[in-house]
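Remember, it's 1-based here, ligands and their atoms both numbered in the order they're listed. Below, all heavy atoms of this structure are taken into account, side chains as well, without hydrogens, waters or symmetry copies.
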Amino acid sequence: MSLIVGVFAIQGDVYENISSTKTALKELGVEGTVLGVKTAEDVSKLDGLIIPGGESTTIGQLSLVNSSLKTIKEKIEHGMPVLGICAGMIMLSKTANDRIIGKTDQPLLDLLDIKLERNSFGRQKESFETDVSMASINIPKFDGVFIRAPSVSDVGSGVEVLAKFNEKIVAVKKGNMIGVAFHPELTKDVSLHKYFVNLIKKSKTGQI
Ligand code: GLN
């Protein structure tokens, strides 16, 4: 079995995620290909997708224009595992309000039942690194890199909270969808990418 893992390559931390995913596959001894994907056609071939951190308004607008957003939504609805990182978690959400300007009409996938506050910890200059714990998925200590990060202000039923920082929810999971507010691709530790690869493997063999 060989996995095809895509990193949505419209904008943001594309190459860093390709590199972390390749390392994760290697460390796990799982066969697979990791590709940057842009179009609906590229997306349709995937077993799993990472939507990277970057700027959700840009990722949303451009993916709306090239119709890849619609295909991503359909694939996730049919069970394809997805890891949404920072802007990627915003893309997965049902509601995202900016801390300062509130609600906008930015395109979202509207799949993960969470309400988000964008730029929840402040702007670029307030970016920071701190330890986060995702004990329920066996990652008790992880270097969380927060860059203009969102936080989750409300979760719908069935959404598991994986991590909090300062009482704010910063990582969630529901079924085939994982969302994290911090950037796992900017640390050497590929535990979360490994967890995601295993989720894709399980999904491909019908275990989830
Ligand atoms: N603040 C960005 C947004 O709202 C996300 C930042 C990031 O992905 N590092 O889209």
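- The only option from V37, I50, V7 that meets the side chain to side chain contact (heavy atoms under 4.5 Å, CB included) definition with V14 turns out to be V7.
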Note to self: As a quick check of understanding, evaluate side chain to side chain donor-acceptor pair (under 3.5 Å) for Q207 and T205, giving each step before the final call.
What the structure shows: CA-CA 6 Å; Q207 293 173 63; T205 52; 2.7 Å; yes

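- Just one residue in the list R99, E117, M89 forms a side chain to side chain contact (heavy atoms under 4.5 Å, CB included) with S151, and that residue is E117.
- Residue L109 holds its CG atom at 9.0 Å from CD of E77, rounded to the nearest 0.5 Å.
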Distances under 3.5 Å, N/O of ligand 1 against N/O of the protein: list each pair and its distance.
{"residue": "ligand 1", "atom": "1 (N)", "partner": "N119", "partner atom": "OD1", "Å": "2.8"}
{"residue": "ligand 1", "atom": "1 (N)", "partner": "R148", "partner atom": "O", "Å": "2.9"}
{"residue": "ligand 1", "atom": "1 (N)", "partner": "R148", "partner atom": "NH1", "Å": "3.3"}
{"residue": "ligand 1", "atom": "4 (O)", "partner": "R118", "partner atom": "NE", "Å": "2.6"}
{"residue": "ligand 1", "atom": "4 (O)", "partner": "R118", "partner atom": "NH2", "Å": "2.9"}
{"residue": "ligand 1", "atom": "8 (O)", "partner": "G54", "partner atom": "N", "Å": "2.9"}
{"residue": "ligand 1", "atom": "8 (O)", "partner": "G54", "partner atom": "O", "Å": "3.1"}
{"residue": "ligand 1", "atom": "8 (O)", "partner": "A87", "partner atom": "N", "Å": "3.0"}
{"residue": "ligand 1", "atom": "9 (N)", "partner": "I147", "partner atom": "O", "Å": "2.8"}
{"residue": "ligand 1", "atom": "9 (N)", "partner": "H183", "partner atom": "NE2", "Å": "2.8"}
{"residue": "ligand 1", "atom": "10 (O)", "partner": "S56", "partner atom": "N", "Å": "2.7"}
{"residue": "ligand 1", "atom": "10 (O)", "partner": "S56", "partner atom": "OG", "Å": "2.7"}

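- A salt bridge is defined here as a Lys NZ or Arg NE, NH1 or NH2 lying under 4.0 Å from an Asp or Glu carboxylate O, and R118 with E55 meets this definition.
- Using cut-offs of 30° and 60° on the angle between ring planes, the pair F146 and F121 is perpendicular.
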